[in-house]
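Structure record follows, encoded as structure tokens.
Because only heavy atoms are used, hydrogens play no part in the values below, and waters and symmetry mates are left out as well, while side chains stay in. Start at 1 and go down the list; that is how both ligands and their atoms are numbered. Note that the numbering runs from 1 along the sequence shown for the chain.
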Amino acid sequence: MLCGRTNVNKFLIEEQRRNTALVGDFSMLVSDVVRSCKAIAQGVSRGSLAGVLGDEGSENVQGEAQKKLDVLANEAFLRHCEWGGHLAAMASEEMEDIYPIGGEHPRGKYLLVFDPLDGSSNIDVNLSVGSIFSVLRCPEDCSAAQPTAADFLQPGSRQVAAGYALYGPSTMLVLTVGSGVYGFTLDRDIGEFLLTHPHLTISPETREFAINASNERFWEPPVQRYVSECLAGKTGVRGKDFNMRWVASMVAEVHRILMRGGVFMYPRDSKDKSKPGRLRLMYEANPMAMIVEQAGGLASTGSERILDVRPKGLHQRVPVILGSRDEVERLERYHHEHVNGDDQPFRSPLFSTRTLFRDD
Ligand code: F6P
């Protein structure tokens, strides 16, 4: 097949022709992001051979140890996306402040936010990691004024595009520009992402959930109730057995949910009371929420649609519950019942002594 599949550039240009709201060099901006992901895929796949594994010896703004690949992936995004003239500024998990475009490069109308290498605890053990990105419009005429961090603080519902690259057994790019979700697979022979998964959808029902169960004692009652009911399986109120997965890489979890359904939770917990959740709103939760909603699923904090959360800071954290519609709705209902005190029967001493590993 010499010219059978649509590559990502053709897809983007056709999308931009269809959607007149995508102004300027939108498709070229996303193409630059795609090039960043290809460069990162190359580094990730060479691993030890390229000497890129291990710690960098520095910390990011969240106080987390940076891996060499975190830093290299951040650089890849900056270098591939700064010169095209499509962006006014960038922001990333790895940088405390925004990265304004100006000086030697022309400034454009879009803002790019990214997590250059998500799930980086998996890097040194050769398991799946990914990159996540979100495109916003700069609210003012950014070509005139110097953009600020405040320009980025828009609810996720204003995202123009969102996507991720998964560096797994094959490298995949999953993308939405607001009209469905499309998956592309990197053909390394020709160096192109080819459309392999058009119109991805998430089935509303599932029997699979993903959560870091070691945090069970820190979860809030609605999540304890939900997981406990899943674990009870056929013999409990759900009347069916559930399966559990945890890859510790959000990109990999969301990808699995797009492929076969499921629900992913990194809920609010009391482990560190200063943090309302683990995942970051601007470059983890928002882009994934847009993808999940575009695929027919839901994404919630438990009490609010993630895409409606008004950001207060670039690196703000948020509780995340996303995936198959029926399960996310159930979890929202449990949160609602908890706030209203309607979940008393589930908070009885008998119920609260149940843990993942003991059911007495
Ligand atoms: O920082 C983000 C992240 O690596 C996600 O990709 C992943 O879902 C989560 O953290 C894993 O957290 P934990 O190490 O607590 O399981």
Atom CZ of Arg260: over 12 foreign heavy atoms under 6.0 Å: yes

Donor on one side chain, acceptor on other, Glu284 and Tyr266, under 3.5 Å: no

Polar side chain donor-acceptor pair, Glu327 to Thr206, under 3.5 angstrom: no

Within the 6.0 Å centroid threshold, strictly below: Phe264 and Trp246: yes

Within the protein, residues bringing a heavy atom under 4.0 Å of ligand 1, chain by chain: Asp118, Gly119, Asn212, Trp246, Ala248, Ser249, Met250, Phe264, Tyr266, Arg278, Leu279, Arg280, Glu284

Whether Tyr182 and Phe11 hold their rings parallel, tilted or perpendicular, with breakpoints at 30° and 60°: tilted

Residue pair Asn74, Ser92: steps toward the side-chain hydrogen bond (donor to acceptor under 3.5 Å, both in side chains) verdict: CA-CA 8 Å; Asn74 196 58; Ser92 134; 2.6 Å; yes

